[in-house]
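A note on names: the letters A, B, ... follow the listed sequences, proteins ahead of strands, and every chain is numbered from 1.
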Protein chains: 2
Amino acid sequence: MIILSKLADYGVIVATHLALAPDRQENAATVAAATRLPLATVAKLLKALAHAGVVSATRGAAGGYRLARPAAAISIAEVVAAIDGDIGLTQCSVHVDECAHTTYCPTRPHWAAINRAVGQALQAVTLDDMISPYAFLPPAAVQPAAELSR
Amino acid sequence: MIILSKLADYGVIVATHLALAPDRQENAATVAAATRLPLATVAKLLKALAHAGVVSATRGAAGGYRLARPAAAISIAEVVAAIDGDIGLTQCSVHVDECAHTTYCPTRPHWAAINRAVGQALQAVTLDDMISPYAFLPPAAVQPAAELSR
DNA sequence: CCCAATTCGTACCAATCCGGTACGCAATAG
DNA sequence: CTATTGCGTACCGGATTGGTACGAATTGGG
Ligand code: SF4
Ligand code: SF4
């Protein structure tokens, strides 16, 4: 099973890319080219992220996106939640009343604890962590310029 | 977003129910009645669990299912994996080569760490914990109301 | 020895969800 | 005013999922 949806996965990549140059303002097309993702999809993602307050958008000509906060203050959980919705293991973790078995289900109380553990695993990682430890990654990864000029 | 599929959720319930009476042998119909789940679905789940070695089945007349191991030796992760397949956050966590972006994706190395954290959260809980309510909760039960009422 | 009970295996179907796309509107720079 | 760019919504095809059905294999009892 794959937990994150493709969109959420891509969303993290896009956010990470923006975290690389927090000062620059990039439009959707530029980000799409840099990440090699379909333009339309990137636009959709950026919009969702902007809606959640993770990135801020400036409209009009010469507009674009940039991180709304420093990269260290944005957790992966936030990015994922912006795209896939709130994270919860089971139905009852998110929408309490949308499961007919809530009344007698014996496992329900325990999910809360597991839920919290999973949530913390995602909240512990920030965008800053995603870009900083390039140490153990081969030099091929550290070349945003080459990506852009393609 | 909901991480576990409905089937996996139900699977845990079924497994938990079996853990309540490890010595008795129950057939699919009995389990379905006890858990108030559709019979056909329960049969499917039990088969999947049997295939993964979580429960053992005896065929023929007066046949039925029972846990293959003591409840304390079966983790939730195992039950979920038996139904939903191996747990992984992203595509590259499970099937490494099934993502076209593996070569230059900057986030890939980091998912492994998060992946492990999530996996441990599920492996830390056994069926035994599920049937002895709140046994492992007390330390965190300081503010259970907030979690449960969410 | 035969029959009934029960699991096993597979195959199938309907519904929902997801990834992706298209098009028109609003806002801003020049 | 106009070109550029983000915003919003609506739509569609395909994949996955939840659920069902039926026949084959296996065992216990009469
Ligand atoms: S109440 Fe039980 S069956 Fe319903 S979503 Fe929660 S764990 Fe699953
Ligand atoms: S390589 Fe990157 S894009 Fe591909 S599944 Fe892994 S994280 Fe997602």
Side-chain angles (χ1 to χ4, degrees), chain A residues 1-11 13-14 18 24-33 35-66 68 80 82-85 90-91 94-95 98-101, chain B residues 1-11 13-14 18 24-33 35-66 68 80 82-85 90-91 94-95 98-101:
Chain A
M1 84 174 308
I2 287 133
I3 294 183
L4 266 60
S5 70
K6 261 179 166 179
L7 253 352
D9 186 3
Y10 294 163
I13 297 177
V14 168
L18 283 180
R24 189 166 1 189
Q25 185 141 324
E26 296 186 63
N27 63 16
T30 309
V31 176
T35 55
R36 307 196 193 176
L37 297 172
L39 169 59
T41 302
V42 171
K44 193 179 194 172
L45 288 170
L46 284 170
K47 199 188 56 176
L49 292 175
H51 201 75
V54 175
V55 304
S56 67
T58 42
R59 297 219 234 179
Y65 295 92
R66 73 176 64 184
V80 172
I83 294 166
D84 274 6
T90 63
Q91 202 95 21
V94 183
H95 303 121
E98 283 187 10
C99 179
H101 310 120
Chain B
M1 83 176 307
I2 287 134
I3 294 182
L4 266 59
S5 70
K6 261 179 166 181
L7 254 351
D9 185 3
Y10 294 165
I13 297 177
V14 168
L18 284 180
R24 189 169 7 189
Q25 186 142 321
E26 297 186 61
N27 64 14
T30 309
V31 176
T35 56
R36 309 195 194 178
L37 296 172
L39 168 60
T41 303
V42 171
K44 191 178 195 172
L45 288 170
L46 284 171
K47 198 187 56 176
L49 292 174
H51 200 75
V54 175
V55 303
S56 67
T58 43
R59 297 218 234 180
Y65 295 93
R66 74 176 63 185
V80 171
I83 295 166
D84 275 5
T90 65
Q91 202 93 22
V94 183
H95 304 122
E98 282 186 9
C99 180
H101 309 120

Quick check for you: to the nearest 0.5 Å, what is the distance between A:Leu18 atom CG and A:Gln25 atom CD? 10.0 Å
About how many Å separate CD1 of A:Ile3 and CG of A:Asp9, when rounded to the nearest 0.5 Å? 12.5 Å
Can a donor-acceptor pair be found, under 3.5 Å and without considering hydrogens, that links the side chain of A:Thr58 to the backbone of A:Gly63? no
Base, sugar-phosphate, or nothing: which does A:Ala28 touch, judged by heavy atoms less than 4.0 Å apart? sugar-phosphate
In Å and rounded to the nearest 0.5 Å, what is the CG to CG distance from A:Asp84 to A:Leu4? 6.0 Å
State whether A:Tyr65 places a side-chain N or O below 4.0 Å from either non-bridging phosphate oxygen (OP1 or OP2) of D:dC7. yes
Measuring from atom CE of A:Met1 to atom CD1 of B:Ile83, what distance do you get when rounded to the nearest 0.5 angstrom? 10.5 Å
How long is the line joining CZ of B:Arg36 and P of D:dG19, in whole Å? 17 Å
Do any of residues 52-60 of chain A sit with a heavy atom less than 4.0 Å from DNA chain D, and if so which? A:Ala57, A:Thr58, A:Arg59, A:Gly60
Between C1' on C:dC17 and CD1 on A:Ile83, what's the gap in Å once rounded to a whole number? 17 Å
Candidates D:dT27, D:dG18, C:dG20 - which lies nearest the side chain of B:Ala61: D:dT27
Please report, rounded to the nearest Å, how far the P atom of C:dT10 is from the NE2 atom of B:His51. 8 Å
Any chance you could measure A:His101, atom NE2, to B:Thr35, atom OG1, to the nearest 0.5 Å? 8.0 Å
Spacing of A:Leu45 atom CG relative to D:dG6 atom C1', expressed in whole Å: 15 Å
Whole-Å distance, B:Lys6 NZ to D:dT16 P, equals 19 Å
Nucleotide C:dG20, atom C1' - distance to CG of A:Leu39 in whole Å: 12 Å
Under 4.0 Å, counting only non-hydrogen atoms across every strand here, what does A:Ala50 touch: a base, just sugar-phosphate, or nothing? nothing
Round to a whole Å and report the spacing from OH of B:Tyr10 to C1' of D:dT20. 15 Å
Nearest-Å distance for atom pair CD1/C1', residues A:Ile2 and D:dA15: 13 Å
If every non-hydrogen atom of A:Ala48 is compared with every non-hydrogen atom of A:Ala82, which pair is closest and at what distance? CB-O, 4.1 Å
Any donor-acceptor pair, under 3.5 Å, between the side chain of A:Lys44 and the base of C:dG20, if you only look at N and O atoms? yes
The answer to which of A:Lys47 and A:Gly63 contacts DNA chain D further toward the 5' end, by nearest nucleotide, is A:Gly63
